[in-house]
Amino acid sequence: MTLKIIPNADLEREISAEAHLGLWKSLGDDPAFEIRFSPLRKKLVVIHVAATSEPIDPKLYINRGYGFREKDTVSLPEGNRFVITADIGSIGSICALRADPASFPTLFKFAASAFASEKAAERYIATLLRSEEQTKRIDLGRLPQYWLKLPRLSLRRRAPNPTIQYAEASYRLAAELETTSVPATAGTWLSVVVPVYNAPPRYLDDLVKSFETQGETGAELILSDDGSTSPETQQWYQRQQSKDNVRLVLNERNGGIAAATNAGLSHAKGQWTAFLDHDDVIAPHAFKLIRHTLEQNPDANFLYTDELVVDDTLRPTGVMLKPAYDSVLLTGVNYINHFSIYRHSRLREIGYLRTDYDGSQDYDLLLRYMEGVPEKSILHLPYPAYWWRRNGKTYSRQFMDAATANARKALTERFARQRQTVSVDGALTKTLHRVIFDAPHEWPKISVIIPSKDNFDLISRILGDLFEKTDYPNFEVLVVDNGSADQAVLDLYEHYRKTQPRFSAVINRETFNFSRSVNRGLSAATGEHCLILNNDVEVIEPGWLKEMVSCLAYDGAGIVGAKLLFSNDKMQHAGVVIGLGGLAGHWYLNKPKEFGGPMNRLHVRNTMTCVTGAVMLISGDCLRNIGLFDEENFAVAYNDVDYCLRAHRAGYRIIWTPFACLYHHESLSRGSDKSGERKKRFEQEKQNLRRLHATQGFIDRALNPAYGRDKSDPKIVVPTRLHIPSMS
């Protein structure tokens with residue numbers, strides 16, 4: 001960032017032998033320098049003011065977008081020399097500073113410089129203060145974005161913006177990270193290719209500036225113009241000076257995004273390649289962290305980062321915090337998007353971008369690139385390395401129907417290459433995707449295992465829903481009863497024994513142990529796969545079981561869970577996150593049933609680390625390898641968490657689908673665990689979960705590290721360290 005320092009009419013530059021030191025003369029009682037900087041800037045401004053004869057009384061004004069106001073002022077005590085450190089933040093609402101060195105005519109020295117890190121600023125300050133015995137250093141401390149932290153006389157504050165706080169902290173941590181430098185002789189490690197069409201010059205200025213301020217050797221920026229007709233864009237090209245690391249590829253005709261990108265790729269020299277849009281910006285220290293991550297993981301094949309959403313003037317409006325790589329989620333939504341780093345050699349192998357997929361050309365490229373790549377070599381760097389200028393002018397926003405059709409064509413072809421015949425429909429968000437696998441010639445037999453005792457209303461409803469409202473053609477029902485005495489329930493069992501050859505009910509009078517009941521059912525099951533089903537579940541749609549069984553078609557799938565609602569249509573289960581509350585918990589509990597969550601993830605299928613045992617489909621292969629439920633450590637609580645973690649550790653994929661939706665009238669049949677022996681047992685099972693699975697420190701791949709683990713509705717927290725991914 002270059003500071004623009006503008007003196008007012010009350011200032012005159014002194015022409016003397018000391019002019020190079022910034023010697024100035026004030027002509028009146030209001031001398032002032034306005035210090036301007038762009039939205040993308042270095043976070044620290046160091047202002048050096050020194051009197052040459054008599055003491056001076058500086059003041060500093062902060063413009064937060066409303067002009068320079070008296071309440072946003074810091075007055076300094078009279079003195080001879082000042083070094084003022086102002087933390088303006090890498091992003092935010094502070095758009096200018098004004099320094100008034102004195103309130104009377106006098107001579108003084110003035111200089112201002114910008115620094116990306118505290119260490120760099122400290123080194124500069126040390127050179128200023130060296131050999132000076134009498135110095136006053138005033139540290140203004142943080143000037144937080146969007147709220148006031150000024151002198152005590154000003155008490156009005158705005159609530160902190162978590163997006164700004166998260167981004168600021170991330171960029172500060174990145175600035176302080178010590179990394180090895182790239183030798184000048186090492187060649188090009190990264191090529192950034194940008195297709196350009198009629199881009200406003202200010203967009204291109206912001207993009208080039210963000211590239212140049214990375215300060216990383218061995219990176220190049222290639223702007224590949226797609227036959228722009230805008231005079232402003234063409235004039236911008238003509239004004240550009242020749243640079244080795246910023247190159248223009250001017251294509252004569254308009255061929256579309258993919259063609260322009262491919263033209264740029266043909267000129268790329270880097271081992272790694274990234275793509276940007278012409279209206280977006282590279283975040284501070286992005287290249288530094290990307291290079292460091294790749295150096296720490298030399299066998300990596302792909303890396304993607306998080307994104308900061310900004311408006312047209314680069315003011316932050318939101319953030320896209322992504323999970324670790326999830327091939328199932330990717331079939332529903334292109335959540336990866338930017339900033340994505342590809343091996344150039346593999347891009348050549350697959351033939352670069354295909355020109356018939358405009359609007360979803362990057363999605364098609366991702367799907368083809370990921371085929372055959374080991375998932376552990378696909379890294380997610382949870383750092384907002386990319387500023388997405390969300391202005392509604394991108395191709396996919398303007399031509400959504402065509403972009404959606406191209407995305408579904410790419411998905412269909414992706415599965416066809418794996419010899420799977422699918423169609424693709426709309427998800428709960430219609431522009432997202434639901435892969436529909438072809439129905440098998442014969443659906444596999446499912447053993448439905450229902451632990452139960454008494455409660456005629458519940459057991460009669462779920463049995464009726466299975467036999468009358470579920471369209472799955474091949475299942476058996478095994479009720480495992482731990483001592484029903486209700487004659488109506490016993491008569492119900494007898495009715496189904498006589499009328500449904502697929503039904504059985506076995507009664508063992510014993511203390512309730514959910515894991516033991518499940519294990520009795522698993523041992524008696526004759527199906528290819530098993531479904532654990534609570535008796536307090538209610539069917540909503542007939543196709544729910546077909547959907548769950550279909551999800552086993554995904555690579556490595558071992559367990560499938562459903563979307564569950566409370567009776568009031570609030571969310572009960574959208575997956576379980578390990579580590580919530582130090583144990584495990586349902587995320588987005590009690591949200592409206594239509595709630596989509598971050599990036600509308602809850603409107604498509606996801607890979608989770610855990611799903612609830614209330615409706616849990618377990619593949620036969622997973623059962624044979626993982627075995628039975630743990631009756632000793634998890635008699636009632638956390639048995640599903642334990643089982644999923646064991647399956648996860650063994651390499652099985654756990655899938656949650658919103659397309660199988662049921663009611664779960666939770667715990668109506670068993671009651672509360674908050675008193676007496678039940679409470680004691682519950683506390684012991686919590687301890688067992690911590691002991692066996694170390695859930696306090698568990699990093700669940702489904703949840704971005706920037707989210708807190710203390711609430712069902714996870715909130716962004718200010719990071720205290722960087723999370724560098726590792727393949728190990």
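Count residues from 1 along the sequence.
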Begin with the C-alpha distance, continue with both residues' side-chain angles, and end with the deciding distance and a verdict on side chain to side chain contact (heavy atoms under 4.5 Å, CB included) for Val477 and Gln500.
-> CA-CA 9 Å; Val477 176; Gln500 291 289 349; over 6 Å; no

What's the verdict on side chain to side chain contact (heavy atoms under 4.5 Å, CB included) for Leu379 and Leu381, showing C-alpha distance, side-chain angles and the deciding distance?
-> CA-CA 6 Å; Leu379 303 180; Leu381 175 61; over 6 Å; no

Side chains of Met599 and Leu321 in contact at under 4.5 Å (non-hydrogen atoms) = no

Point-to-point distance, once rounded to the nearest 0.5 Å, from CG of Leu533 to CG of Leu662 = 7.5 Å

Where is the tightest heavy-atom contact between Asn704 and Ala706, given as atom of each residue plus distance?
-> OD1-N, 2.8 Å

Return the minimal non-hydrogen interatomic distance between Ile507 and Leu490, and the atom names on each side.
-> CD1-CD2, 3.4 Å

CD1/Ile559 to OG/Ser619 distance, rounded to the nearest 0.5 angstrom?
-> 8.0 Å

Look only at the side chain of His573 and the backbone of Thr612, and say whether a donor-acceptor pair between them is shorter than 3.5 Å.
-> yes

Which value, rounded to the nearest 0.5 Å, describes the distance between Leu565 atom CG and Glu538 atom CD?
-> 10.5 Å

How close do Ile378 and Val373 get, heavy atom to heavy atom, and via which atoms?
-> CG1-CG1, 3.9 Å

Which pairs pass side-chain hydrogen bond (donor to acceptor under 3.5 Å, both in side chains) with one or both residues in residues 543-557, sequence neighbours excluded?
-> Thr331-Tyr554, Arg434-Glu547, Thr470-Trp544, Glu547-Arg605, Glu547-Thr657, Tyr554-Arg605

For Gln418, does the CD atom have more than 12 heavy-atom neighbours from other residues, nucleotides or ligands under 6.0 Å away?
-> yes

Arg701 side chain vs Thr609 backbone, donor-acceptor pair below 3.5 Å = no

4.5 Å side-chain heavy-atom contact, Pro374 and Met727 = no

Which distance, rounded to the nearest 0.5 Å, do you find between the CD1 of Ile654 and the NE2 of His648?
-> 6.5 Å

Shortest non-hydrogen contact between Gly332 and Tyr363, atoms and distance | N-OH, 4.1 Å

May I have the step-by-step check of side-chain hydrogen bond (donor to acceptor under 3.5 Å, both in side chains) for Asn337 and Tyr386, ending in yes or no?
-> CA-CA 10 Å; Asn337 209 8; Tyr386 186 79; over 6 Å; no

Using a 4.5 Å cut-off on heavy atoms from C-beta on, say whether the side chain of Phe302 contacts that of Leu366.
-> yes

Just wondering, more than 12 heavy atoms not from Glu442 lying within 6.0 Å of its CD?
-> no

Counting only N and O atoms by type, is there a donor-acceptor contact under 3.5 Å from the side chain of Asp326 to the main-chain atoms of Ala702?
-> no

Does any non-hydrogen side-chain atom of Val641 lie less than 4.5 Å from one of Ile578?
-> yes

Does Ile164 offer a backbone N or O that forms a donor-acceptor pair with the side chain of Asn161 under 3.5 Å?
-> yes

Does some side-chain heavy atom of Pro725 sit less than 4.5 Å from a side-chain heavy atom of Tyr325?
-> no

Is the backbone of Pro384 close enough, under 3.5 Å, to the side chain of Tyr171 for a donor and an acceptor to pair up by distance?
-> yes

Scanning both residues in full, the closest heavy-atom pair of Asp471 with Pro542 reads OD1-O, 2.8 Å

Would you call Val537 and His664 a side-chain contact if the rule is heavy atoms closer than 4.5 Å?
-> yes

Under 3.5 Å, side chain of Asn606 to main-chain N/O of Val604, donor-acceptor pair present?
-> yes

Are Lys680 and Glu683 ion-paired here, with the side-chain N under 4.0 Å from a carboxylate O?
-> no

Quick one: does Asn297's side chain have a donor or acceptor within less than 3.5 Å of a partner on Asp299's backbone?
-> no

Kindly determine whether Leu463 and Val479 satisfy side chain to side chain contact (heavy atoms under 4.5 Å, CB included), including the steps that lead there.
-> CA-CA 10 Å; Leu463 291 178; Val479 175; 4.2 Å; yes

Going from CG on Asn688 to CG on Asp642, what distance comes out if it is rounded to the nearest 0.5 angstrom?
-> 9.5 Å

Give a yes or no answer on whether the side chain of Arg516 reaches the backbone of Thr511 with a donor-acceptor pair at less than 3.5 Å.
-> yes

How many angstroms lie between NZ in Lys593 and OH in Tyr663, if you round to the nearest 0.5 Å?
-> 5.5 Å

Is the closest side-chain heavy-atom distance between Leu602 and Pro658 below 4.5 Å?
-> no

Would you say Asn590 and Ser712 make side-chain contact, with heavy atoms under 4.5 Å?
-> no

Is the Phe634 to Tyr643 ring centre distance short of 6.0 Å?
-> no

Start with the C-alpha distance between Ile446 and Leu617, add both sets of side-chain angles, then the distance that settles side chain to side chain contact (heavy atoms under 4.5 Å, CB included), and finish with yes or no.
-> CA-CA 9 Å; Ile446 305 299; Leu617 178 67; 4.2 Å; yes

Identify the heavy atoms of Gly708 and Pro714 that sit nearest to each other, and give their distance.
-> O-CB, 3.7 Å

All pairs passing ring-ring contact (aromatic ring centres under 6.0 Å, His included) where residues 462-490 contributes a residue, at least two apart | Trp443-Tyr472, Phe467-Phe475, Phe467-Tyr496

Between the main-chain N or O of Lys322 and the side-chain N or O of Asp306, is there a donor-acceptor pair closer than 3.5 Å?
-> yes

Can you label the angle between the Tyr304 ring and the Tyr335 ring as parallel, tilted or perpendicular, going by 30° and 60°?
-> perpendicular

Check whether any side-chain N or O of Glu685 sits under 3.5 Å from a backbone N or O of Ala637 as a donor-acceptor pair, and report yes or no.
-> yes

Are the charged groups of Arg172 and Glu168 less than 4.0 angstrom apart, N to O?
-> no

Is Glu510 salt-bridged to Arg520, cutoff N-O under 4.0 Å?
-> yes

